[in-house]
Amino acid sequence: MSYGGVAAVVLAVLFSLVALPALLAVMGPKVNALSLRRKKAVRPTVAGEGAWYRFGHGLMRRRWVVVVGAVGLLLTLALPFSKIEFGSINAQQLRSSSEGRQVFDAMEHDFDGDAVKSIDSLLVLRSDGTSKDQGAALKAYAERLGAIEGATSARITGVEGITARVSVTYDGNPVSTHARDLVNRLKDVPEPPGARAYFGGESAVYDDTLDALGETLPWMLLYIAVMTYLLLFLAFGSVLLPLKAIAMNMLSLSATFGVLVWIFQDGHLHNLLGFDPTGNIEPNMPIMLFALIFGLSMDYEVFLVSRMREQYDKQGDSTEAVATGLQSIGRLVVSAALLMCVPLAAIGMSDVLTIKLFGVGMVFAVLVDVLVVRILLGTAVMRLLGRAAWWAPGPLARFYDRFGIKETDMPEDTDERVPVATG
C-alpha cells in the first residue's frame with residue numbers, strides 16, 4: 001500500500017506537469033470542442049462579492065458558535081472509538097450467504113477441536129524428544145499449559161527429533177482480547193529445562209500483529225507530525241497554522257474512527273450497507289485509513305490556506321483574506337471532495353467487509369473533513385487567530401521569504417495581470 005501509493009502520486013504529478021501541458025498544446029482550441037456549456041464572458045470576481053465570500057463572513061461573525069458546535073459534533077462522533085476491538089481477517093469478513101462463510105460457521109459451531117481454536121507451542125528441545133526424560137518433561141509442560149486460566153486442554157500433538165508441538169484449546173473467539181490474554185499467559189509458563197518455546201496459531205499471530213503495530217505506530221505518528229509541520233510551515237510561513245492543521249486532522253480522524261466502530265463493530269446500519277457485523281475491526285485498516293485521510297486532509301488544507309495566504313500578502317487584513325480566499329477556492333475544494341467520493345463509494349459496495357469498511361470510512365472522512373473541519377471549523381478558527389495565524393519569529397520569517405513554497409516568483413507588489421479569456 002505504501003509503495004503503491006507513493007508511486008501513484010509521483011506518476012500523477014509527473015504526467016500532470018509534463019504530459020498534460022503537451023497534450024493541451026497539441027489539441028489547442030479543440031480542447032473545448034463538444035462542450036455542453038454555453039460560452040460566455042468570464043470576468044474576475046470583484047472583492048466583496050460571491051456566495052462563498054458572504055458565507056465565510058457569516059461563519060466568522062458566529063465564530064464561537066461554529067467552533068463549539070463543530071468540535072462538539074466531532075467529539076461526539078469520536079466517542080465509540082474508545083471501545084474499539086481489533087480482530088484479524090477470516091471468513092467472517094464474507095456475507096453469511098457465501099459458501100466459504102457457511103463452511104467456516106459449521107466448523108466453528110458443529111465440530112470440536114477445530115484447528116482455528118488452538119494455540120500451538122513449538123518447542124526446541126536440548127535432546128531427542130522421544131527420550132524418557134524429555135518425554136516426562138514435555139508431559140509436565142503440557143499439564144502446566146492446560147492448567148492456565150482460559151485453557152480447556154493441552155496435549156502433545158507431535159514430536160520430531162529435538163522439536164515438539166503442544167496444542168492448547170480454549171473457548172471463544174480466536175481473535176479476541178480474551179484469546180490474546182491467554183496467549184500471553186501461556187508465554188509466561190516455564191519451558192522444560194534447556195528448551196525454547198515459540199507460539200503460533202491464529203491467536204498468537206493476532207497478538208504478534210498488534211504488538212508489531214504498537215511498536216511502529218508511535219514512530220509513524222511522530223514522523224507524520226514532524227514532516228507535516230515542516231512542509232506546512234514552508235507553504236504558509238506560520239508557526240501556528242501547521243499546529244492548527246494537525247489538531248483539526250486529529251479531530252477529523254477521531255470522528256471517522258468513532259463512526260466506523262459504531263457502524264462496523266457495533267453493527268449499526270448493517271442492513272442498509274449490506275454486511276454482517278463481526279464485533280471487531282481489522283487492525284491494519286485504521287492505520288491505512290489514518291495515513292490516507294491525513295494526506296488528503298492536508299491537500300485540502302493547503303488548497304484553502306494557500307489562497308488565504310496569497311490574499312493576506314496582498315491585503316494585510318486577515319479577515320478579508322480568509323473570506324476572499326474561501327471565495328476563490330471553496331467551490332473547487334468541495335467539487336474535488338465530491339469527485340473523490342465517487343470511486344470510494346464504489347469500493348464501499350464490496351461484499352468483503354474490510355474493503356467495504358475502507359470505502360465507507362474514506363467517503364465519510366472526506367466529506368466530514370472538507371465540509372465540517374476545513375470550511376466550517378477552519379474558517380472560524382482563522383478568525384479567532386486573526387493576524388496571529390500568520391505570525392512567525394524574525395529568523396523563521398526570513399527563512400520563509402527565501403525558501404518558502406509559493407505559487408509565483410513574481411514580487412508581491414507587481415501590477416502584472418494574466419489576461420482574462422472572453423471568447
Side-chain angles (χ1 to χ4, degrees), residues 1-2 5 70-96 101 173 175-177 180 206 209-210 213-214 216-218 220-221 224 246-300 337-338 340-374 377:
M1 288 288 292
S2 174
V71 172
L73 172 64
L74 294 170
L75 291 178
T76 301
L77 293 176
L79 286 177
F81 183 42
S82 62
K83 60 176 183 178
I84 188 170
E85 288 284 342
F86 293 113
S88 63
I89 296 176
N90 55 30
Q92 289 180 305
Q93 301 290 320
L94 302 174
R95 294 294 302 272
S96 58
R101 173 66 182 275
N173 190 331
V175 290
S176 62
T177 302
R180 188 184 183 200
Y206 167 64
T209 298
L210 292 185
L213 293 176
T216 307
L217 189 59
M220 169 188 167
L221 298 178
I224 290 176
I246 293 173
M248 292 201 308
N249 264 25
M250 299 311 296
L251 279 174
S252 178
L253 284 160
S254 298
T256 299
F257 292 155
V259 169
L260 291 179
V261 170
W262 185 78
I263 294 176
F264 290 95
Q265 179 176 301
D266 297 344
H268 298 94
L269 307 181
H270 68 279
N271 290 325
L272 176 64
L273 296 175
F275 70 93
D276 298 318
T278 61
N280 54 52
I281 302 291
E282 203 280 318
N284 289 302
M285 276 294 108
I287 294 177
M288 288 192 289
L289 285 170
F290 177 91
L292 291 172
I293 295 169
F294 202 97
L296 284 174
S297 299
M298 284 304 150
D299 282 347
Y300 299 130
L338 295 176
M340 176 66 71
C341 289
V342 172
L344 294 174
I347 294 175
M349 297 177 185
S350 171
D351 285 334
V352 179
L353 184 58
T354 52
I355 305 301
K356 182 184 291 290
L357 182 149
F358 180 84
V360 172
M362 288 295 295
V363 169
F364 178 84
V366 168
L367 293 179
V368 166
D369 188 80
V370 170
L371 300 179
V372 178
V373 176
R374 302 300 150 191
L377 182 59

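No experiment lies behind these values; they were computed from the predicted model shown.
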Hey, mind stepping through F294 and I224 against side chain to side chain contact (heavy atoms under 4.5 Å, CB included) and telling me if it holds?
CA-CA 9 Å; F294 202 97; I224 290 176; 3.5 Å; yes

Going by the rule salt bridge (Lys or Arg N to Asp or Glu O under 4.0 Å), which residues pair with D266 if we only count those two or more places apart in sequence or in a different chain?
K83

Name all residues meeting the side chain to side chain donor-acceptor pair (under 3.5 Å) criterion together with [X]; count only those two or more places apart in sequence or in a different chain, and write none if there are none.
X	result
N284	E282
T177	E85
D299	none
H268	W262

Set of residues satisfying ring pair (Phe, Tyr, Trp, His ring centres under 6.0 Å) with respect to Y300, sequence neighbours excluded:
none

Please list, chain by chain and in numerical order, all residues satisfying ring pair (Phe, Tyr, Trp, His ring centres under 6.0 Å) with F86, sequence neighbours excluded.
none

So which heavy atom on [X] is nearest to which on [Y], and how close?
X	Y	result
G267	P277	CA-CB, 3.6 Å
A255	L74	CB-O, 3.7 Å
A365	S252	O-OG, 4.3 Å
I287	L213	CD1-CD2, 3.5 Å

Distance check, rounded to the nearest 0.5 Å: [X] atom [atom1] versus [Y] atom [atom2]?
X	Y	atom1	atom2	value
R180	L210	CZ	CG	4.5 Å
M285	L353	CE	CG	10.0 Å
I347	M362	CD1	CE	8.0 Å
L251	I246	CG	CD1	12.5 Å
F275	T354	CZ	OG1	12.5 Å
L289	L357	CG	CG	6.5 Å

Minimum side-chain heavy-atom gap F264-V360 below 4.5 Å
yes

Tell me, do S297 and V373 make a side-chain contact under 4.5 Å, heavy atoms counted?
no

If the condition is side-chain contact (heavy atoms from CB on, under 4.5 Å), which residues does [X] pass it with, not counting sequence neighbours?
X	answer
S254	A78
F364	L77, T256, V259, V368
V363	C341, L344, A345, L367

If you count heavy atoms of other groups shown closer than 6.0 angstrom to CE of M288, is the number above 12?
yes

If a pair satisfies salt bridge (Lys or Arg N to Asp or Glu O under 4.0 Å) and one of its residues is in residues 70-80, list it, with sequence neighbours excluded.
none

Only pairs at least two apart or in different chains count here, so list each salt bridge (Lys or Arg N to Asp or Glu O under 4.0 Å) that has a residue in residues 356-372.
D369-R374

Under the criterion side chain to side chain contact (heavy atoms under 4.5 Å, CB included), I'd like the reasoning laid out for I281 against F257: C-alpha separation, chi angles, the key distance, then a yes or no.
CA-CA 10 Å; I281 302 291; F257 292 155; over 6 Å; no

